[in-house]
Amino acid sequence: MQIYKVGGAVRDRLLGRAVSDIDWLVVGATVEQMQAQGYRPVGADFPVFIHPKSGEEYALARTERKSGRGYGGFVFHASPEVTLEQDLIRRDLTINAMAEDEHGNLCDPYHGKVDLDKRILRHVSPAFAEDPLRVLRVARFAARYAPLGFTVAADTLELMRQISASGELQALTAERSWKEIERALMEDQPQVFIQVLRACDALKQLMPELDALFAAPLSEGEHTLAALQQAALHGQPLHVRWACLTQALGQAIKAVNQRFKAPRECQELALLVGEMQGHCQRAPELDAPTLLELLQKFDVYRRPQRLEDFIAACEMVARGRQALEGDGYPQGDYLRGAAAAAKAVDVKSLVDKGLTGQALGEALKTERLNALQAYTQAN
Ligand code: ATP
Ligand code: MG
């Protein structure tokens with residue numbers, strides 16, 4: 001059997017980037033031989049094994065053929081006869097279809113190195129169209145390597161357009177799509193992910209609500225991309241970036257959250273930002289009852305971080321609109337001050353007065369309102 005390093009590890013080493021995980025390809029071996037050498041099978045369906053010591057993934061060379069809609073409709077064929085070239089041709093991009101043998105020699109039958117040097121994301125073969133997830137993957141790689149000057153080859157973009165037009169993107173599971181979206185959002189240029197999806201008409205299929213925002217020049221769509229870019233520039237976490245992406249979708253935020261089964265933290269912040277960002281942008285104009293309602297809604301007494309995430313997302317939106325100068329975000333500071341004023345109300349003294357249950361709740365509310373009244377007058 002021969003063992004090759006494949007995929008991202010080969011690509012990123014040639015690009016001089018840090019290699020996070022290494023994928024290995026085994027040619028000329030049977031499942032039985034692998035197990036006899038101590039490799040542990042990963043699942044029943046895939047011919048993938050875990051190395052007994054390093055814990056890295058070793059896959060048997062395989063071919064695959066589409067047999068129906070969606071990812072379930074794939075037939076894998078792994079056997080010792082499958083060659084390196086046959087395995088590499090089923091991969092998405094030429095820069096992902098290179099292998100390195102044990103002596104460090106590059107095996108590159110589909111000219112990935114040329115494309116790497118030319119900074120081009122190009123599909124390996126027409127079989128690219130068999131898995132619609134590749135549209136999202138290419139958009140994600142475009143986002144990741146945009147700072148290096150990579151662009152999508154014209155004929156690859158055309159193929160992606162055909163996939164979008166076929167309606168096959170609708171067959172993707174929420175889980176597979178979300179994994180790509182999540183990774184794309186965490187790249188340095190996440191807005192490029194959306195731009196590429198839009199360029200091949202996939203955005204219309206995946207998030208028609210967002211696509212519609214690009215209808216007008218200088219549109220909400222452009223503001224959304226700018227907010228997302230700011231979120232990346234400021235190193236914001238995933239849920240803040242997701243909230244930036246969805247902030248202008250209004251009533252549709254819920255549907256988009258659910259369509260991709262976004263994690264709870266992402267869903268929750270997206271809804272709060274969508275509903276309340278107007279309050280944040282004009283925080284200094286809010287009266288005490290409105291401020292109190294906002295703080296209650298955030299449950300800021302028990303979940304202070306949620307208000308911080310909300311403020312962060314609103315700041316990124318404001319920056320995207322170029323509504324801020326310099327480093328600060330006075331609206332956010334104003335909300336923080338209001339939260340501090342409401343939190344400063346001494347619950348213990350009310351309890352010591354013998355108040356309990358509903359009476360305590362009401363007294364607390366009145367005291368907090370008074371504190372916020374004083375705060376709005378003083379600031
Ligand atoms: P990353 O740095 O994001 O992990 P990667 O290239 O290693 O990049 P993986 O998702 O780990 O990406 O996949 C490993 C390799 O498997 C890819 O380089 C590619 O050759 C192939 N691959 C993975 N998913 C697909 C797919 N849906 N279609 C075609 N080839 C794929
Ligand atoms: Mg990888």
Side-chain angles (χ1 to χ4, degrees), residues 1-27 29 31 34-35 37-62 64 71 74 76 78 82 84 87-110 112-113 115-116 121 123-124 128 131 133-148 150 172-173 175-190 192-193 232 235 237-238 241 263:
M1 71 171 83
Q2 301 98 48
I3 297 184
Y4 299 89
K5 200 183 276 180
V6 284
V10 179
R11 178 198 65 217
D12 286 339
R13 186 185 64 75
L14 290 172
L15 282 173
R17 276 174 63 108
V19 173
S20 50
D21 64 338
I22 304 182
D23 295 307
W24 301 91
L25 179 71
V26 184
V27 177
V31 170
M34 295 299 284
Q35 283 180 312
Q37 294 196 15
Y39 289 87
R40 293 192 316 275
V42 167
D45 302 340
F46 285 126
V48 177
F49 299 83
I50 298 293
H51 190 280
K53 290 220 176 70
S54 71
E56 287 171 345
E57 272 191 15
Y58 286 69
L60 294 189
R62 67 177 193 249
E64 50 187 41
Y71 201 57
F74 256 91
F76 299 94
V82 176
L84 177 65
D87 183 279
L88 294 178
I89 203 170
R90 69 174 172 82
R91 295 169 185 266
D92 47 6
L93 295 171
T94 58
I95 63 164
N96 290 344
M98 295 183 278
E100 213 178 273
D101 70 16
E102 56 201 323
H103 308 295
N105 300 312
L106 191 66
C107 313
D108 183 19
Y110 308 108
K113 180 68 169 66
D115 286 338
L116 203 73
L121 303 171
H123 64 285
V124 177
F128 178 92
D131 179 7
L133 189 73
R134 291 168 188 160
V135 172
L136 281 82
R137 284 178 58 88
V138 173
R140 168 165 75 81
F141 284 116
R144 179 188 294 179
Y145 297 125
L148 297 178
F150 275 80
L172 289 172
T173 62
E175 288 77 10
R176 290 187 86 211
S177 300
W178 176 259
K179 230 163 110 185
E180 295 300 326
I181 293 170
E182 168 181 53
R183 296 181 72 185
L185 289 180
M186 292 314 292
E187 297 294 349
D188 287 345
Q189 304 267 355
V192 173
F193 176 67
L238 177 67
R241 297 185 190 205

What is the minimum heavy-atom distance between [X] and [Y], and which atoms define it?
X	Y	answer
Arg241	Pro190	NH1-CG, 4.4 Å
Leu172	Ser177	CB-OG, 3.5 Å
Val26	Met1	CG1-SD, 3.7 Å
Arg91	Val124	O-CG2, 3.4 Å
Val48	Ala59	CG2-CB, 4.0 Å

Fill in the blank from the handout: CG of Leu121 to CG of Leu93, rounded to nearest 0.5 Å, is 5.5 Å

Handout entry: Distance, nearest 0.5 Å, that separates CG of Leu133 from CZ of Arg140
Key = 8.5 Å

Exercise for the section: Look at the rings of Phe150 and Tyr145 and say which category their plane angle falls in: under 30° parallel, 30 to 60° tilted, over 60° perpendicular. Expected result: tilted

Practice task
Fit a plane to each ring of Tyr58 and Trp24, take the angle between them on a 0 to 90° scale, and name the class: parallel (under 30°), tilted (30 to 60°) or perpendicular (over 60°).
Solution key: parallel

Handout entry: Donor-acceptor under 3.5 Å (Arg134 side chain, Asp92 main chain)
Key = no

Exercise for the section: Check for a donor-acceptor pair, side chain of Arg62 on one end and backbone N or O of Phe76 on the other, with a separation under 3.5 Å. Expected result: no

Exercise for the section: Compare all side-chain heavy atoms of Leu25 with those of Leu84 and state whether any distance is below 4.5 angstrom. Expected result: yes

Handout entry: Contact check, side chains of Leu238 and Met186, non-hydrogen atoms, under 4.5 Å
Key = yes

Exercise for the section: Could you tell me whether Asp108 and Lys113 make a salt bridge, using a distance below 4.0 angstrom between a side-chain N and a carboxylate O? Expected result: no

